[in-house]
Protein chains: 2
Amino acid sequence: MTTRAAPIRRRATSYDVARSVGVAQSTVSRCFQDDSNISQATKDLVRDAALRLGYTPNALARSLITQRSNMIAVIVTRYTLRGNPDVIYAVGEALAASGKQLLLVPVEHDAPTIADLRVTLEYPLDGLISCVQIADIDLADIQVRGIPMVLFNRRSAGIPVDSVATRHFDAAGDIASRLHGAGHRRFLCMTGPADAPVSAARRDGFLGKLQELGVHDVQIIETDYSYDGGKAGFLAGLAPTALPDAVFCTNDQIAFGVMDAARFTLGLRIPDNVSVVGFDDVPEAGRPGYNLTTMQQDSVQMARLAVQLLLRRITAPEIAVENLQIAARFVARGSAQLAAK
Amino acid sequence: MTTRAAPIRRRATSYDVARSVGVAQSTVSRCFQDDSNISQATKDLVRDAALRLGYTPNALARSLITQRSNMIAVIVTRYTLRGNPDVIYAVGEALAASGKQLLLVPVEHDAPTIADLRVTLEYPLDGLISCVQIADIDLADIQVRGIPMVLFNRRSAGIPVDSVATRHFDAAGDIASRLHGAGHRRFLCMTGPADAPVSAARRDGFLGKLQELGVHDVQIIETDYSYDGGKAGFLAGLAPTALPDAVFCTNDQIAFGVMDAARFTLGLRIPDNVSVVGFDDVPEAGRPGYNLTTMQQDSVQMARLAVQLLLRRITAPEIAVENLQIAARFVARGSAQLAAK
DNA sequence: TTATAGCCCGCATTCGAATGCATTAAAAGC
DNA sequence: GCTTTTAATGCATTCGAATGCGGGCTATAA
């Protein structure tokens with residue numbers, strides 16, 4: 001006896017089901033809704049037939065009439081996925097719990113134009129979460145379309161949009177204070193691309209606090225926010241005359257690159273010869289190989305909050321805009337000298 | 001002068017545009033298709049009006065009539081995202097290049113039931129890529145619905161489905177040969193969960209080859225496919241009497257955990273006291289902190305192939321099923337003694 | 001001038017499900 | 001037993017765009 005693949009059948013519609021049990025299409029429709037007036041008897045009958053015919057309501061047709069697609073677009077870059085894979089998972093989980101689908105929109109750079117999103121915006125989205133920077137003019141465009149939106153880890157100065165973000169500026173300032181307090185005076189700041197707002201906020205917070213403390217000449221090296229970038233940038237850009245006391249990296253990946261360059265290429269010891277501090281507290285940071293002193297941002301929690309904000313705005317479009325600011329937590333490990341010298 | 005938010009307007013439809021220029025709705029529709037017979041004059045007129053009214057074709061309505069949603073579901077677990085974030089990005093990129101949207105479906109375990117996918121399957125998907133295991137009966141169900149499908153890094157024994165997968169079995173056997181050839185005799189195999197088919201294939205390939213070579217008693221420790229799992233599993237499960245010569249881990253994350261446990265907790269030296277080999281060649285493997293000897297699977301390339309297979313099947317449903325087997329490449333680094341003793 | 005072809009465009013229908021309103025049947029009230 | 005209320009179902013329309021077919025208009029040929 002050979003098993004033969006079942007033939008592909010045309011997808012059954014509510015009409016097919018209706019015909020097969022001798023009721024109206026509207027009756028079938030009502031059997032798949034929770035609150036409708038349907039006798040248990042016909043409900044059983046219809047659902048039974050539906051099962052037999054392999055009928056499933058067509059989400060697209062439903063969306064068309066209900067004006068609700070149940071789709072949430074999430075805009076990310078390659079680095080969002082690499083740096084915070086758990087964020088995407090957490091967002092997906094939270095959305096699924098509310099019956100929403102996650103439309104993942106990968107964009108090349110952390111500042112897409114509206115053209116990059118054109119195809120996606122042709123769908124009547126229920127909402128949108130952006131993990132990348134969007135220009136104010138495009139934010140306005142999206143808002144005019146009536147699409148509820150939440151910004152993740154960034155906010156807009158000009159346009160009122162809900163957002164959830166770490167207190168990058170304050171947290172980076174805190175790092176500056178601690179390093180300065182420990183006696184460090186020659187600083188190096190390793191940043192991501194200048195147009196990446198998260199990195200920029202962290203850099204500005206760090207430099208701002210140092211200014212306050214009277215330190216004005218801080219070397220800055222711009223990288224691409226990656227391990228390789230951090231490593232190469234550190235080796236190439238390092239002023240050969242004077243090694244810095246302390247290096248602040250705007251994310252952990254850069255810090256790992258710097259640490260490996262310092263230890264394995266230059267033969268330095270950390271934190272004896274140089275202190276390194278990162279930002280994010282990704283899992284690797286806590287492992288013995290790096291043992292990185294860093295700032296912890298609870299991105300999974302932030303992801304849940306973002307979804308929560310979005311769902312709230314979908315159901316209540318008129319409520320006041322909220323810009324949640326999440327404090328980061330300093331995690332002292334072994335990569336930086338922090339006791340006063 | 002205060003800037004005031006533009007009011008939310010109802011989304012313009014093709015009828016709105018038609019009315020505003022005095023043509024029929026069908027004409028508007030044709031102006032947004034490539035091959036239709038429309039004079040350049042009216043096309044310009046209509047597109048101009050569309051721009052003015054903020055009209056965009058409604059992808060949902062279009063899908064309903066064209067029977068093509070342009071949506072591809074990609075099913076992943078938390079570990080897919082963590083271990084291969086670039087895969088998802090590459091898939092998204094390849095799909096976007098073909099005008100498809102990526103519907104990300106996160107599932108809890110690497111063996112979801114059809115019920116976990118119910119909501120997603122209500123959409124008339126153009127196709128589906130599964131990075132998780134799906135039971136044959138459910139695969140059949142999906143095929144009956146006529147949804148083109150590709151399995152990523154796994155295949156089905158019973159159901160003919162396109163797939164792209166690493167030659168896990170052969171590659172793991174290769175590792176076994178090399179370790180055995182170098183004189184190792186006491187082996188430990190650290191695996192992921194038993195129901196994760198990728199891990200199982202790698203384990204079986206490893207054990208199978210050792211059997212051939214006359215090694216029958218290989219210790220096996222099952223973990224959850226993570227760094228922490230590898231570390232804890234190694235420390236807890238290790239036979240206290242005899243340290244293994246060589247440890248094969250079914251992925252790099254486990255290997256990192258094992259290495260850190262061995263070096264930092266047990267004070268062992270790698271590869272002098274014990275050899276460790278991983279699988280995947282994630283970026284961290286090549287960094288000096290681990291310098292892990294491993295098997296490289298080019299998952300980005302595989303992702304592109306998966307999309308290619310899927311698109312091909314969408315346009316030509318009748319062609320023969322293809323099970324692409326991608327050879328892995330052995331990457332000798334410093335975590336394993338490989339010269340014959 | 002008339003026949004003929006070709007190009008544009010409009011009309012009407014279609015995709016599949018949801019829903020207001022009308023209708024029928026059953027239950028309750030007197 | 002007849003009216004009134006209530007519950008269950010059907011009818012018809014709607015969401016927004018795509019498309020086959022037919023008609024009108026222009027251009028070319030006879």
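Values in this document were obtained by computation on a predicted structure and should not be read as measured data. Side chains included, hydrogens not; waters and symmetry mates left out as well; all remaining heavy atoms used. Chain letters run A, B, ... following the sequence lines, proteins first, then strands; residues in each count from 1.
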So, is [X] close to the [N] phosphate, meaning a side-chain N or O under 4.0 Å from OP1 or OP2?
X     : N      : value
A:Y55 : C:dA17 : yes
A:Q33 : C:dT19 : yes
A:S29 : C:dA17 : no
B:Q67 : C:dT14 : no
B:S26 : C:dC11 : no

Nearest of [options] to any side-chain atom of [X]?
X     : options                : value
B:T13 : D:dA12, D:dA17, D:dC15 : D:dA17
B:I38 : C:dC9, D:dG10, C:dG16  : C:dC9
A:R30 : D:dG16, C:dA17, C:dC21 : C:dC21
A:L64 : C:dG16, C:dA17, C:dC11 : C:dG16
B:A61 : D:dG10, C:dC8, D:dA17  : D:dA17

May I ask you to say what [X] touches in the nucleic acid, namely base, sugar-phosphate or nothing, with a heavy-atom cut-off under 4.0 Å?
X     : answer
B:S39 : sugar-phosphate
A:A24 : sugar-phosphate
B:T56 : sugar-phosphate
A:N58 : sugar-phosphate
A:L60 : nothing
B:V28 : nothing
B:S63 : nothing

With a 6.0 Å cut-off on the ring centroids, do B:Y55 and B:F32 count as close? yes
State whether a side-chain donor-acceptor pair under 3.5 Å links B:S29 with B:S26.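 No, no side-chain donor-acceptor pair sits under 3.5 Å.
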- Item | Pairwise 5' ranking along DNA chain C for B:N37 and B:I65, keeping only the more 5' one |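 Between the two, 5'-proximity favours B:N37.
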